[in-house]
Visitor: 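Right, I'll just put the structure down here and ask away after.
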Amino acid sequence: MTEGAEKHLEKVTLKIRAADASLAGQDVLSAAEHKRLAQMHEGARPTFVTARCMLRTALGDYMGLLPGAVPLCQQGAGRVRIEGFSDNEPPYFSVSHTGAAEAGISAVAVSETTPIGIDIQQLDPTVDWRRVAERRFPPDDWALLRNMSDDIGRMLFFTLWSIREAFVKMEDGKLMPYLRNVHVDLTARPPRLASATPGGRDDAMIYFNFVPEHQLMIALVAAQPVEVDLDRDIRPMERRPDPLLNSPAPLPLNKGQA
């Protein structure tokens with residue numbers, strides 16, 4: 001690369017959508033995903049179906065496959081993987097969702113060049129964020145947060161939480177060690193890691209954004225710098241019955257019933 005030339009960054013689309021309570025698109029799910037769906041509480045189904053449809057579509061575009069043909073696999077509650085692919089080869093991807101059927105939101109991102117992790121969190125006013133921060137966050141974070149107003153402190157709490165959970169997704173780690181041991185310097189421009197993650201990473205790109213009308217915090221982390229294209233459409237969907245494909249057909253009405 002010649003002196004002064006800018007390194008080309010991959011554009012990674014972070015797609016965010018309102019969960020579809022009609023469960024539209026569930027026909028692209030695998031048999032294992034349908035089984036998982038049937039075992040879920042009704043309120044969790046829309047975000048799951050919406051996220052999996054988005055992920056299958058994005059990976060299908062990358063791999064030249066129809067969404068239903070993407071060989072996703074998952075063991076229990078573990079990480080979603082592509083069958084036959086290692087964690088160290090593209091495509092890299094991450095999924096997050098939040099909320100219930102009436103207001104659920106799903107997010108997906110896929111990268112061709114670098115491991116990524118995403119997380120979305122809605123600023124829940126019922127969460128006792130001071131208590132959680134005191135118990136789970138690094139002492140220096142709590143020393144800062146404890147003196148803030150409730151509104152500002154809540155915003156910073158959820159910012160740090162979503163960034164740390166994005167690192168969990170990227171490194172396939174466990175949440176609690178990351179909440180305690182990922183130190184982020186938000187005063188830097190752009191934000192940066194202040195020390196190594198539990199996975200041993202001491203450098204990463206950190207992106208975050210806030211959508212005030214939905215009280216939604218968005219975070220994306222990447223092992224190498226990328227350009228983030230935020231593609232969001234989170235207008236609420238109309239609430240409709242939960243139409244699982246494997247639900248029994250309704251009984252026919254007798255004559256005279258209407």
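Note that these values count all heavy atoms, side chains included, but never hydrogens, waters or copies made by symmetry. Residue indices begin at 1 and follow the sequence shown.
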Visitor: For residues W129 and S149, report the shortest heavy-atom separation together with the two atoms involved.
Guide: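 Nearest heavy atoms, W129 then S149: CZ2-O, 4.1 Å.
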Visitor: Is the shortest heavy-atom distance from the side chain of M170 to the side chain of T197 under 4.5 Å?
Guide: no
Visitor: Assess the residue pair S30 and R56 against the criterion (side chain to side chain contact (heavy atoms under 4.5 Å, CB included)); give the C-alpha distance rounded to whole Å, side-chain angles, the decisive distance to 0.1 Å, and a yes or no.
Guide: CA-CA 10 Å; S30 67; R56 285 181 165 280; 3.7 Å; yes
Visitor: Do W161 and L175 have side-chain heavy atoms sitting under 4.5 Å apart?
Guide: yes
Visitor: Hey, could you give me the CZ/CD distance between R52 and E33, rounded to the nearest 0.5 Å?
Guide: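 One gets 4.5 Å once the value is rounded to the nearest 0.5 Å.
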Visitor: If you measure from NE2 on H214 to CD1 on I105, what distance do you get to the nearest 0.5 Å?
Guide: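 Atom-to-atom, H214:NE2 and I105:CD1 are 6.0 Å apart.
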Visitor: I want to check something: taking the side chain as every heavy atom from C-beta on, are R36 and Q74 in contact at a cut-off of under 4.5 Å?
Guide: yes
Visitor: Are any side-chain N or O atoms of T57 and backbone N or O atoms of P67, one a donor and one an acceptor, separated by less than 3.5 Å?
Guide: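 Such a contact is absent between T57 side chain and P67 backbone.
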Visitor: Could you check D20 against S22 for side chain to side chain donor-acceptor pair (under 3.5 Å), going step by step and ending with a plain yes or no?
Guide: CA-CA 5 Å; D20 187 349; S22 74; 2.7 Å; yes
Visitor: A166 and D119: which non-hydrogen atoms are nearest, and at how many Å?
Guide: N-CB, 3.9 Å
Visitor: At their closest point, which heavy atom of V49 faces which heavy atom of L37, and how far apart are they?
Guide: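 Closest approach of V49 to L37, heavy atoms only: CG2-CD1, 3.6 Å.
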Visitor: Considering all heavy atoms of both residues, which atom of Y178 and which atom of G199 are nearest to each other, and what is their separation?
Guide: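 Closest approach of Y178 to G199: OH-N, 3.5 Å.
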Visitor: If you compare all heavy atoms of F208 against all heavy atoms of L186, which two are closest, and at what distance to 0.1 Å?
Guide: CE2-CD2, 3.9 Å
Visitor: With hydrophobic residues grouped by side-chain heavy-atom distances under 4.5 Å, do L66 and F85 end up in a single group?
Guide: no
Visitor: Strictly distance-based, threshold 3.5 Å: is any side-chain N or O of R45 a donor or acceptor partner for the main-chain N or O of M40?
Guide: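 Checking the backbone N and O of M40 against the side chain of R45, a donor-acceptor pair under 3.5 Å is found.
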Visitor: Going through the distances and angles, do D203 and R192 end up as a side chain to side chain contact (heavy atoms under 4.5 Å, CB included)?
Guide: CA-CA 7 Å; D203 187 31; R192 63 179 181 85; 5.7 Å; no
Visitor: For the residue pair S106 and I16, establish whether any side-chain heavy-atom pair is separated by less than 4.5 Å.
Guide: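 Of all side-chain heavy-atom pairs linking I16 with S106, none is under 4.5 Å.
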Visitor: Hey, which of I120, L220, T47 is the one that makes side-chain contact (heavy atoms from CB on, under 4.5 Å) with S96?
Guide: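 Only one option passes, and that is I120.
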Visitor: Please round to the nearest 0.5 Å and tell me the distance separating atom CG of L156 and atom CG of L144.
Guide: 6.0 Å
Visitor: Under the side chain to side chain contact (heavy atoms under 4.5 Å, CB included) rule, what do R180 and M176 come out as? Steps first, then yes or no, please.
Guide: CA-CA 6 Å; R180 192 71 172 176; M176 290 304 114; over 6 Å; no
Visitor: So if you build clusters from Ile, Leu, Val, Met, Phe, Trp, Tyr with side-chain heavy-atom gaps below 4.5 Å, do I163 and L123 land together?
Guide: yes
Visitor: Heavy-atom distance under 4.5 Å between the side chains of D150 and R130, does that happen here?
Guide: yes
Visitor: Measure the spacing between CD1 of I116 and CD of E10 and express it to the nearest 0.5 Å.
Guide: 8.0 Å
Visitor: Taking the six-membered ring for Trp, are F157 and F137 closer than 6.0 Å centroid to centroid?
Guide: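 Ring centroids of F157 and F137 are less than 6.0 Å from each other.
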Visitor: Yes or no on side chain to side chain contact (heavy atoms under 4.5 Å, CB included) for T98 and L216, after CA distance, side-chain angles and deciding distance?
Guide: CA-CA 9 Å; T98 185; L216 185 71; 4.1 Å; yes
Visitor: Check whether more than 12 heavy atoms from other residues, nucleotides or ligands sit under 6.0 Å from atom CZ of R81, and answer yes or no.
Guide: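 Buried by this count: over 12 neighbours within 6.0 Å.
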Visitor: State whether the side chain of H34 and the backbone N or O of Q26 hold a donor-acceptor pair below 3.5 Å, judged by distance alone.
Guide: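 Side chain of H34 to backbone of Q26, a donor-acceptor pair under 3.5 Å: yes, one is there.
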Visitor: Taking the side chain as every heavy atom from C-beta outward, state whether D124 and Q215 have any atom pair closer than 4.5 Å.
Guide: no
Visitor: How long is the span from the NE2 atom in H183 to the CG atom in D140, to the nearest 0.5 Å?
Guide: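 Rounded to the nearest 0.5 Å, the NE2-CG separation comes out at 6.0 Å.
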Visitor: Using a 4.5 Å cut-off on heavy atoms from C-beta on, say whether the side chain of M148 contacts that of R154.
Guide: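 Contact flag for R154/M148 side chains = no.
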Visitor: Applying a strict under-4.5 Å side-chain criterion to I, L, V, M, F, W and Y, I'd like to know whether Y207 and L160 cluster together.
Guide: no
Visitor: For F158, is there any backbone N or O sitting under 3.5 Å from a side-chain donor or acceptor partner on Q121?
Guide: no
Visitor: May I ask you to test the P198-V182 pair for a side-chain heavy-atom distance under 4.5 Å?
Guide: yes
Visitor: Working to the nearest 0.5 Å, report the span between CG of L55 and NZ of K15.
Guide: 11.0 Å
Visitor: Cluster question for you: counting only ILVMFWY and a side-chain heavy-atom cut-off of under 4.5 Å, with indirect links fine, are L59 and V108 together?
Guide: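 Yes, because L59 and V108 connect within a single hydrophobic cluster, where side-chain heavy atoms sit under 4.5 Å apart.
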Visitor: Counting neighbours of CD on E89 that are heavy atoms of other residues, nucleotides or ligands and sit closer than 6.0 Å, is the number greater than 12?
Guide: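 Atom CD in E89 is packed in, count exceeds 12.
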Visitor: Is it possible for you to say whether I206 and V226 belong to one hydrophobic cluster, with membership spreading through side-chain heavy-atom contacts below 4.5 Å?
Guide: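 Hydrophobic grouping puts I206 apart from V226.
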Visitor: Minimum heavy-atom separation for G117 and S94, please, with both atom names.
Guide: CA-OG, 3.5 Å
